[in-house]
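This chain uses plain numbering: 1 for the first residue, then up along the sequence. Since the model is a prediction, treat every value here as computed from it, not as a measurement. The basis for the numbers below is simple: all heavy atoms, side chains too, and nothing from hydrogens, waters or symmetry mates.
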Amino acid sequence: MQTQLLTTDCRFCSQISKANGEDPIGTATTCDHWLIMEFPQPWSQNLFQEDPRIQPLVVLFQELIVKHGVQVKPMLIACEREYSHPGFTRVLYYYRPAEMFSQFEKQEFVVPQEEATNLVTAILKQLIQQPNDVSKFHQYQQQTGHIRELMVCTHAQVDLACGRFGTPIYRRLRQEYAPASNGKLRVWQTNHFGGHQFAPTLVDLPQGHVWGHLEPEVLDLLVKRNDSVANLRQYYRGWTGLTKLGQIAEREIWMQLGWTWLDYLKAGKVLATGDADWAEVRIDYAAPDGSVSGAYEARVEACGEVMSAFNSAKQMQLEAVKQYRVSGLVKVE
């Protein structure tokens, strides 16, 4: 009865997802590379398909992802009066530094606007070891490795929920937390990066965590990491350095070990699966100085379904979404 009430009375897919108890874990896109470019708003619904400044890049991204199997995530960030430079475009490139890692390495460039597409093209060609001219852009590189970037989807043209719920979270982070960070935190608006039903949804880089269903009262903990990480459990979509099943297992370990887990280098693999109902997953870890190392093995099992909506609309189509839990977790030395 509750579900029927929501589909008739609610305009936003994320409200249905949240009310019906959909667990966001395992929904972060797995990636080895992020390519993020400043792009002035407004943004249309089909921005990547329609805008002549971006369209040539889309073909390259598709080639990398489909033909070469490169796990690269393209994203746009809105120009910010405080951060941006008229006539120039910022490009952020994050990459996995090794098989086992704790956070992505970052390169940032601020290039003349007319060179932005050329820079992105050069980086993409470099990823598949094609001839490129990345080196000519070194003069534009910025030393911003110490800066944490929080990126909130506010792309209402793709889904109303992202505008309705993402915008207040973005504003609060931007107005309260960024100014108090002594230049160590920047907050951006992004285009859609997946998961309307989890709005407001956020990417935390260089760590590579993705969050959803965020509430204003958890922002302090998310930014400052000043209380038990277990209080963030229901908002965690996963770490993008792992696949879906690895993300589900990794959350369980993190909740048990606390914030120190963030510093450990990590890698995951699936040991065995039984269709879509269960899997055995292994997460290897090591302290950066090599003083601690080991692994966890987890059994991830399907534990039912909830009804959710993937897009906001006047009449929303509900679909069953399989839910998972960790039924066993063993530390392996």
Side-chain angles (χ1 to χ4, degrees), residues 26-39 47-48 53-77 89-111 115-138 140-153 155 186 188 190-195 201-211 237-247 250 262 265-269:
T27 63
T29 303
T30 306
C31 56
D32 294 325
H33 310 271
W34 300 79
L35 253 173
I36 304 164
M37 184 169 73
E38 264 184 329
F39 204 79
L47 179 62
F48 282 95
R53 294 165 292 181
I54 299 177
Q55 227 293 316
L57 296 174
V58 173
V59 177
L60 255 178
F61 275 111
Q62 288 173 338
E63 182 184 340
L64 256 75
I65 295 166
V66 177
K67 185 177 174 183
H68 297 280
V70 177
Q71 292 180 308
V72 55
K73 182 69 175 173
M75 209 154 73
L76 300 175
I77 50 176
T89 296
R90 185 183 316 274
V91 175
L92 301 169
Y93 169 48
Y94 289 90
Y95 58 93
R96 175 195 288 257
E99 183 184 356
M100 287 185 70
F101 74 116
S102 62
Q103 62 181 35
F104 292 86
E105 291 289 330
K106 173 192 189 182
Q107 291 180 351
E108 178 174 338
F109 303 85
V110 177
V111 299
E115 291 285 355
T117 301
N118 295 333
L119 170 58
V120 174
T121 301
I123 293 172
L124 293 176
K125 286 185 174 180
Q126 182 179 258
L127 294 186
I128 49 175
Q129 299 178 333
Q130 287 186 359
N132 63 79
D133 54 2
V134 168
S135 60
K136 85 171 195 179
F137 295 99
H138 287 169
Y140 300 111
Q141 202 161 338
Q142 310 293 303
Q143 300 306 314
T144 59
H146 63 288
I147 298 180
R148 182 180 178 190
E149 317 280 0
L150 296 183
M151 304 185 173
V152 185
C153 179
H155 199 175
R186 292 188 296 205
W188 305 89
T190 77
N191 72 305
H192 176 61
F193 51 77
T201 185
L202 173 156
V203 177
D204 187 348
L205 287 165
Q207 206 83 56
H209 292 151
V210 181
W211 302 91
R237 291 182 58 187
W239 183 48
T240 52
L242 295 169
T243 60
K244 174 177 180 169
L245 294 167
Q247 290 173 15
E250 190 263 347
L262 290 192
L265 311 177
K266 297 173 279 285
K269 60 184 174 184

Worksheet entry | salt bridge (Lys or Arg N to Asp or Glu O under 4.0 Å) contacts in which one or both residues fall within residues 56-66, not counting sequence neighbours | none
Item to complete: Provide the full list of salt bridge (Lys or Arg N to Asp or Glu O under 4.0 Å) pairs with a residue in residues 91-102, sequence neighbours left out, each pair given once.
Response: D32-R96
Worksheet entry | Working for side chain to side chain contact (heavy atoms under 4.5 Å, CB included), residues T144 and R186 | CA-CA 11 Å; T144 59; R186 292 188 296 205; 4.3 Å; yes
Distance-only, no hydrogens or angles: does the [X] side chain make a donor-acceptor pair with backbone N or O of [Y] under 3.5 Å?
{"X": "E38", "Y": "T89", "result": "no"}
{"X": "T30", "Y": "L242", "result": "yes"}
{"X": "Q71", "Y": "G69", "result": "no"}
{"X": "Q247", "Y": "A28", "result": "yes"}
{"X": "Q107", "Y": "L92", "result": "no"}
{"X": "W239", "Y": "G246", "result": "no"}
{"X": "T201", "Y": "W211", "result": "yes"}

Worksheet item: With side chains defined as the heavy atoms from C-beta onward, is the minimum distance between F61 and L35 less than 4.5 Å?
Response: yes
Acceptor/donor pairs from residues 116-132 side chains to any protein atom, 3.5 angstrom cut, sequence neighbours excluded:
unit_1	atom_1	unit_2	atom_2	d
N118	ND2	E115	OE1	3.2
T121	OG1	T117	O	2.8
N132	OD1	V134	N	3.2
N132	ND2	Q130	O	2.9

Worksheet item: Taking everything shown except K269 itself, do over 12 heavy atoms lie less than 6.0 Å from its NZ?
Response: no
Spatial distance of atom [atom1] ([X]) from atom [atom2] ([Y]) [nearest 0.5 Å]:
{"X": "E105", "Y": "Y93", "atom1": "CD", "atom2": "OH", "value": "10.5 Å"}
{"X": "N191", "Y": "I54", "atom1": "CG", "atom2": "CD1", "value": "8.0 Å"}
{"X": "Q141", "Y": "E108", "atom1": "CD", "atom2": "CD", "value": "9.0 Å"}
{"X": "W34", "Y": "M151", "atom1": "CH2", "atom2": "CE", "value": "8.5 Å"}
{"X": "H146", "Y": "K106", "atom1": "NE2", "atom2": "NZ", "value": "7.5 Å"}
{"X": "L202", "Y": "C153", "atom1": "CG", "atom2": "SG", "value": "10.5 Å"}

Practice prompt. Specify whether F101 and F104 have parallel, tilted or perpendicular ring planes, treating 30° as the upper limit for parallel and 60° as the lower limit for perpendicular.
Written response: perpendicular
